[in-house]
Amino acid sequence: MSDIAIEARDWLAANWPGSHTARAWRELVVDEGWAALRWPVAYHGRALSDDDAKRVEAVFADAGAPGPGQDRTNLWAGTLVSSGSDELKRRFLRPLLLDDVAMCLLYSEPGAGSDLAGLRTTAVRDGDEWVVNGQKVWTSGGKDADYGMLIARTDWDVPKHRGITFFWFPMRQPGVEVRPLRQMTGDSRFNEVFLTDARVPDSHRLGEQGGGWWVLQTALAYERAVMGMSGSRPAAAAATTAEPEGATARAHGRIPMPDLSLVDVARAAGRDHDPVVRQRLARLHTLRKVNGWNGARASAATATGGSSPLHSLGKLAMSGILHSAGRLHGHLLGLEGGLDGDSSAAARDANYSQLNAYFTSIGGGTDQIQRNIIGERILGLPREPEVDRDVPFRDVPASPVRR
Ligand SMILES: Cc1cc2nc3c(=O)[nH]c(=O)nc-3n(C[C@H](O)[C@H](O)[C@H](O)COP(=O)(O)OP(=O)(O)OC[C@H]3O[C@@H](n4cnc5c(N)ncnc54)[C@H](O)[C@@H]3O)c2cc1C
């Protein structure tokens, strides 16, 4: 065992489980530097190499102690670490690691989803602030968010990727109107966000003015990494709560990963001896295992920062896994799967997982977009033609949605 793994083991022996509340445990883990092992000490980490970090994570996992891993999964804090100013880091990192700040992603617009660089929400400089006007859509968690990671156009005279700036945007202000949208799962987790003369200080800019596209790549890599590993969207400190994942999952519009739990469903339905069912269960289990290894490979590739197209492989695979799991879940229930609401909890869960699988195949970039990335950046296929790539954005025709 390495020195750091021994230190972690001894620390856990002295502290875990103890009589901590979930909150007290989370604070202890963050303040002792165990939550984000690869980050510098000044940012609540321990500056460990990826190999050492994995050793410590394994020690925590063996002890059943939650906590480490936020350097891989906390999209908000990770983006701040890689691109935020010292002031923003000082102010927000600890609250983010403790899940004390509610965040959302202000990227997609009615005319800009897959082609995010075509966004038209505009930020105009006014002294030490920027004035923001436009509309965002599909904003998960927007209703309760304190801050949003916003991309806005700050220069219309350069090609589309170069005129975008990235902001840490305060949501609780008069120029922000959030309207919830109802999803086919019945949840209302995402929203439309209307921005009218809303303000954000220049000190809340991440990266250079006009350099938002490159900050976005890091943020998207985090998002895809988390969705590829867990099938759910990043929640700030899910990895540090001392409650089991399943206890809060449903309340957040997520359900626990349906793979091995489907073995129980198969047993309950008397289908666990059916060879086809067994084959489908084994296939799901295998895919998850392989995807876990791919996730480890992707985190190793990005251990020192940056993004990797490997995350697209993981996210695409997870999308396939969730759709297969949802279909198998429904299949196992047979006719009962047609019920919903309070008439059958089992059918409700199966229907939810089938519908919710689209979350992963659309949110964070669609399956088709992940395939494009894999084709171009992993397989080395020719780039998709882009007629507007080098044209000043002012001269690019607006999508019909925005006309
Ligand atoms: C559950 C959920 C949560 C979300 N949360 C957020 C959020 O918090 N914040 C946020 O900003 N956005 C969020 N989104 C939006 C999401 O990122 C977009 O829906 C997604 O990027 C697709 O954009 P679009 O809906 O505009 O579809 P479009 O871009 O219009 O795509 C329509 C179809 O065309 C295909 N397509 C488009 N371009 C290409 C291409 N070049 N090659 C091949 N096929 C292509 C797409 O794959 C898709 O099938 C969320 C979406 C979902 C479903």
Side-chain angles (χ1 to χ4, degrees), residues 75-76 79 102-121 134-145 147-152 160-161 164 166-167 169 171 176 178-195 212-213 215-217 219-224 226-227 230-236 252-255 312 315-316 318-320 322-323 326 352-377 381-389 398-402:
L75 137 78
W76 329 103
T79 307
M103 296 291 303
C104 66
L105 300 172
L106 297 163
Y107 302 162
S108 307
E109 299 183 3
S114 300
D115 181 20
L116 256 188
L119 62 91
R120 285 174 179 263
T121 290
Q135 188 200 335
K136 296 291 174 178
V137 72
W138 317 126
T139 313
S140 304
K143 192 80 193 147
D144 307 314
Y147 290 87
M149 297 209 302
L150 167 77
I151 43 174
K160 59 182 184 178
H161 295 94
I164 294 170
F166 200 106
F167 296 100
F169 178 82
M171 291 290 285
V176 177
V178 184
R179 296 188 200 156
L181 293 163
R182 195 163 164 80
Q183 293 157 238
M184 65 180 170
T185 50
D187 296 325
S188 278
R189 288 285 299 152
F190 56 39
N191 305 267
E192 296 176 292
V193 178
F194 296 87
L195 305 164
W213 186 254
V215 180
L216 177 71
Q217 298 317 304
L220 283 175
Y222 266 104
E223 191 177 357
R224 287 169 187 163
V226 175
M227 293 177 86
S230 67
S232 60
R233 210 172 186 90
H252 285 87
R254 292 185 286 123
I255 54 169
S312 293
K315 182 174 178 293
L316 180 62
M318 184 55 78
S319 157
L322 291 175
H323 281 288
Y352 190 90
S353 68
Q354 287 180 72
L355 296 176
N356 201 49
Y358 288 93
F359 193 114
T360 302
S361 50
I362 301 176
T366 64
D367 284 356
Q368 290 75 20
I369 294 302
Q370 305 317 311
R371 287 196 177 94
N372 284 349
I373 295 171
I374 293 163
E376 292 173 13
R377 294 180 51 200
L381 298 175
R383 284 187 72 88
E384 237 196 319
E386 261 187 289
V387 288
D388 56 359
R389 193 170 185 89
S399 104
V401 182
R402 301 303 289 267

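Keep in mind it's a predicted model, so treat the numbers as computed, not measured. Each ligand, and each atom within it, is numbered from 1 in the order the structure gives.
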Asker: Under 3.5 Å between any N/O of Glu109 and any N/O of ligand 1: does that happen in this structure?
Answerer: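 N/O-N/O distance below 3.5 Å does not exist for this pair.
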
Asker: So, using side-chain contact (heavy atoms from CB on, under 4.5 Å) as the criterion, who are the partners of Arg383 when residues are at least two apart?
Answerer: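 Once residues adjacent in sequence are excluded, the partners of Arg383 under the side-chain contact (heavy atoms from CB on, under 4.5 Å) criterion are Glu376, Glu386, Arg389.
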
Asker: Record the part of Asp367 in heavy-atom contact with ligand 1 below 4.0 Å; permitted values are side chain, backbone, both and neither.
Answerer: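 Answer for Asp367: neither.
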
Asker: A side-chain contact here means heavy atoms from C-beta on lying under 4.5 Å apart; do Leu316 and Ile374 qualify?
Answerer: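 They are in contact (side-chain heavy atoms under 4.5 Å apart), so the answer is yes.
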
Asker: For Phe190, take its heavy atoms, then give the atoms of ligand 1 lying under 4.0 Å from any of them.
Answerer: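 Selected atoms, number and element: 1 (C), 2 (C), 3 (C), 52 (C).
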
Asker: Would you say Met103 and Thr79 make side-chain contact, with heavy atoms under 4.5 Å?
Answerer: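 No, every pair of side-chain atoms sits at 4.5 Å or beyond.
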
Asker: With heavy atoms of Ile369 as the reference, note each atom of ligand 1 found under 4.0 Å away.
Answerer: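 This gives 38 (N), 39 (C), 40 (C), 41 (N) as the contact atoms.
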
Asker: Contact between Thr121 and Leu106 at the side-chain level, heavy atoms closer than 4.5 Å - yes or no?
Answerer: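 A side-chain contact is absent here, since even the closest heavy-atom pair is not under 4.5 Å.
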
Asker: Quick one: list whatever passes side-chain contact (heavy atoms from CB on, under 4.5 Å) with Ala117, sequence neighbours left out.
Answerer: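 So Ala117 forms a side-chain contact (heavy atoms from CB on, under 4.5 Å) with Asp115, Lys160, His161, Ile164, Trp213.
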
Asker: Taking the side chain as every heavy atom from C-beta outward, state whether Gln368 and Asn372 have any atom pair closer than 4.5 Å.
Answerer: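 Contact flag for Gln368/Asn372 side chains = no.
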
Asker: Please identify which of these residues, Phe359, Trp138, Tyr107, meets the ring-ring contact (aromatic ring centres under 6.0 Å, His included) condition with Phe190.
Answerer: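 By the ring-ring contact (aromatic ring centres under 6.0 Å, His included) criterion, Phe190 pairs with just one of Phe359, Trp138, Tyr107: Trp138.
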
Asker: Is there at least one pair of N or O atoms, one from Ser108 and one from ligand 1, spaced under 3.5 Å apart?
Answerer: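 N/O-N/O distance under 3.5 Å: yes.
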
Asker: By number and element, which atoms of ligand 1 are closer than 4.0 Å to a non-hydrogen atom of Gly113?
Answerer: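 Going through ligand 1 atom by atom, the ones under 4.0 Å from Gly113 are 21 (O), 23 (O), 24 (P), 26 (O), 29 (O).
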
Asker: Ligand 1 versus Leu105, non-hydrogen atoms closer than 4.0 Å: side chain, backbone, both, neither?
Answerer: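 For Leu105, backbone and side-chain atoms both sit under 4.0 Å from ligand 1.
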
Asker: Below 4.0 angstrom from a heavy atom of Tyr107, which ligand 1 atoms are there? Numbered from 1 as shown, please.
Answerer: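 Numbered from 1, ligand 1 contributes 11 (O).
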
Asker: What part of Gln183, side chain, backbone, both or neither, has a heavy atom within less than 4.0 angstrom of ligand 1?
Answerer: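 None of Gln183 does.
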
Asker: Heavy-atom contacts with Thr366 under 4.0 Å: which atoms of ligand 1 show up? List them by number with element.
Answerer: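 Selected atoms, number and element: 22 (C), 46 (C), 47 (O).
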
Asker: Could you work out, for atom 27 (O) of ligand 1, the closest of Ser140, Gly148, Gly364, Ser114 by heavy-atom distance?
Answerer: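 Nearest heavy atom to atom 27 (O) of ligand 1 lies in Ser114.
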
Asker: Counting from 1, what ligand 1 atoms have a heavy atom of Glu384 closer than 4.0 Å?
Answerer: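 Reading through ligand 1 atom by atom, the close ones are 40 (C), 41 (N), 42 (N).
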
